[in-house]
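Encoded as structure tokens, the structure appears first; notes follow it.
First the proteins, then the strands, lettered A, B, ... as listed; each starts at 1.
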Number of protein chains: 2
Amino acid sequence: MLKEMDIGETLKDAGRRPTPQRVMILSAIRGSGGHVTAEEILRKVRKEYTFIDIATIYRTLQLFKRLGLVSEIDLKQGSTRYEIAEKEKHHHLVCSGCGKSFYLDHKRFIEPLRLALLNDFGFEADLEHFAVSGLCSQCRASGKTSSNDSKGGR
Amino acid sequence: MLKEMDIGETLKDAGRRPTPQRVMILSAIRGSGGHVTAEEILRKVRKEYTFIDIATIYRTLQLFKRLGLVSEIDLKQGSTRYEIAEKEKHHHLVCSGCGKSFYLDHKRFIEPLRLALLNDFGFEADLEHFAVSGLCSQCRASGKTSSNDSKGGR
DNA sequence: ATAGTTGCAAAGTGTTTGCGCTGAG
DNA sequence: CTCAGCGCAAACACTTTGCAACTAT
């Protein structure tokens with residue numbers, strides 16, 4: 001459970017300033033309970049502070065990424081998403097029916113694959129953070145098909 | 001071994017014309033021995049026919065995709081790549097050191113994951129075609145680090 | 001004629017950059 | 001003072017779209 005305080009520390013340690021914008025951006029991500037796009041962060045922060053610009057969001061996200069505060073996920077939904085970095089490696093199942101995403105434990109599901117690739121090919125897979133799309137059980141039950149034609153939605 | 005002929009059949013069956021552009025685009029992909037970007041196809045085809053436009057490439061790629069002639073891969077390297085569609089499902093290992101990519105068999109490596117997700121979560125993963133980035137054995141041997149900072153390169 | 005196809009130019013996304021102004025150290 | 005950080009506008013890379021001309025049937 002990181003608290004607001006941390007951002008100050010982390011930023012100062014890196015010789016950066018904990019500006020209001022940065023604090024707002026971080027809490028916007030925190031308050032979203034998941035992974036958000038830059039655009040979504042922009043909208044959230046604008047409720048508090050109208051003048052924030054998308055460039056600031058992107059610059060801040062890059063900074064946060066470098067500092068290990070957030071991590072990036074590409075859910076293949078057009079734009080990159082960001083979430084608060086956690087110590088435990090994990091991935092996402094993204095339902096193309098309802099858009100929801102689910103936590104996928106690394107050790108149990110992904111590590112075996114990583115090891116297999118390493119053993120069989122000597123390939124050191126970078127499975128830091130990725131997303132598997134598909135249909136969640138609910139959507140399957142309600143008879144949706146994997147109408148995942150990408151582009152367009154939203 | 002599909003031959004040039006097939007494109008004619010496939011297109012005609014779909015009520016489309018096997019135009020020179022389309023033939024050239026398909027053989028450009030074939031002749032690339034792997035997965036290519038739209039831009040790369042453009043360059044290849046232009047050697048034969050200077051006036052081809054990138055829009056035609058994209059339109060044709062969409063058409064080919066719909067007809068099942070090519071499949072799309074997002075190697076996360078900026079632009080989408082395309083390759084000749086094969087019957088056997090497979091994926092790619094993409095080395096972030098040398099850029100090379102390697103074939104990854106579906107049944108052996110990915111199907112187990114798919115089944116696990118289905119059993120454990122009832123999640124029907126759409127693991128059609130994806131790419132795992134990392135370092136190939138050669139690059140590991142030659143001491144490269146996973147300097148995969150994405151964006152920017154080229 | 002009719003419908004499919006093309007080149008060209010323009011528009012669209014999502015993201016990044018240049019720049020001058022501001023404000024903390 | 002000095003440099004990080006900001007908002008703004010413009011640039012960027014990749015992809016899509018509108019349109020008028022063209023072409024096989």
For this session: Not counting sequence neighbours, which residues clear ring-ring contact (aromatic ring centres under 6.0 Å, His included) with A:Tyr58? List them please.
Result: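 Scan of A:Tyr58 (ring-ring contact (aromatic ring centres under 6.0 Å, His included), adjacent residues dropped) gives none.
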Problem set entry | Residues forming a ring-ring contact (aromatic ring centres under 6.0 Å, His included) with A:Tyr103, sequence neighbours excluded |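 Counting only residues at least two positions away or on another chain, A:Tyr103 forms a ring-ring contact (aromatic ring centres under 6.0 Å, His included) with A:His90.
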Figure out the [atom1]/[atom2] separation between [X] and [N], and round it to whole Å.
| X | N | atom1 | atom2 | answer |
| --- | --- | --- | --- | --- |
| A:Asp53 | D:dG7 | CG | C1' | 5 Å |
| B:Ile52 | C:dT6 | CD1 | P | 7 Å |
| A:Asp74 | C:dT13 | CG | C1' | 14 Å |

With a cut-off of less than 4.0 Å, is there a side-chain N or O of [X] near OP1 or OP2 of [N]?
| X | N | answer |
| --- | --- | --- |
| B:Thr56 | C:dT6 | no |
| A:Tyr49 | D:dG7 | yes |
| A:Arg22 | D:dA4 | no |
| A:Thr19 | D:dC6 | yes |
| A:Tyr58 | C:dT15 | yes |
| B:Ser79 | D:dA13 | no |

Exercise. Listed by chain and number, what are the side-chain hydrogen bond (donor to acceptor under 3.5 Å, both in side chains) partners of B:Ser101, not counting sequence neighbours?
Worked result: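 side-chain hydrogen bond (donor to acceptor under 3.5 Å, both in side chains) check on B:Ser101 returns B:His35.
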Problem set entry | Pair A:Lys65 + A:Glu72: basic N to acidic O under 4.0 Å |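 Here A:Lys65 pairs with A:Glu72 in a salt bridge, since their nearest N and O are under 4.0 Å apart.
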Using a cut-off of under 3.5 Å, enumerate the N/O to N/O pairs linking the protein to nucleotides 18-22 of chain C.
from	atom 1	to	atom 2	distance (Å)
C:dG18	O6	A:Arg59	NH1	3.1

Problem set entry | Of all pairs that satisfy ring-ring contact (aromatic ring centres under 6.0 Å, His included), the ones with a partner from residues 62-85 of chain B, not counting sequence neighbours |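 Pairs touching residues 62-85 of chain B that pass the test: none.
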Exercise. Which pairs count as side-chain hydrogen bond (donor to acceptor under 3.5 Å, both in side chains) when at least one residue sits in residues 107-123 of chain A, sequence neighbours excluded?
Worked result: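 Matches after skipping sequence neighbours: A:His106-A:Glu111, A:Arg108-B:Asp120, A:Glu111-A:Arg114, A:Asp120-B:Arg108.
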Problem set entry | Nucleotide nearest B:Arg16 (side chain, heavy atoms from C-beta), chosen from C:dT15, C:dT5, D:dA9 |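 Looking only at side-chain atoms, B:Arg16 lies closest to C:dT5.
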Side-chain donor-acceptor pairs of residues 11-20 of chain B under 3.5 Å, sequence neighbours excluded:
from	atom 1	to	atom 2	distance (Å)
B:Thr19	OG1	B:Arg22	N	3.2

Exercise. Checking all strands, does B:Gln21 fall into the base, sugar-phosphate, or nothing category for heavy-atom contacts under 4.0 angstrom?
Worked result: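 Sugar-phosphate contact only.
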Check the interface with nucleotides 20-23 of chain D: list each N/O to N/O pair with the protein under 3.5 Å, or write none.
from	atom 1	to	atom 2	distance (Å)
D:dT23	O2	B:Arg17	NH1	3.3

Exercise. Taking atom CD1 of B:Ile25 and atom CG of B:Leu63, what is their separation to the nearest 0.5 Å?
Worked result: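 It is 9.5 Å, given to the nearest 0.5 Å.
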Exercise. If you find the nucleotide of DNA chain D closest to B:Ile54 and the one closest to A:Phe51, which residue's nucleotide is nearer the 5' end?
Worked result: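 So the residue in question is A:Phe51.
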For this session: Would you please name every residue forming a side chain to side chain contact (heavy atoms under 4.5 Å, CB included) with B:Ala55, sequence neighbours left out?
Result: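 Once residues adjacent in sequence are excluded, the partners of B:Ala55 under the side chain to side chain contact (heavy atoms under 4.5 Å, CB included) criterion are B:Asp53, B:Arg59.
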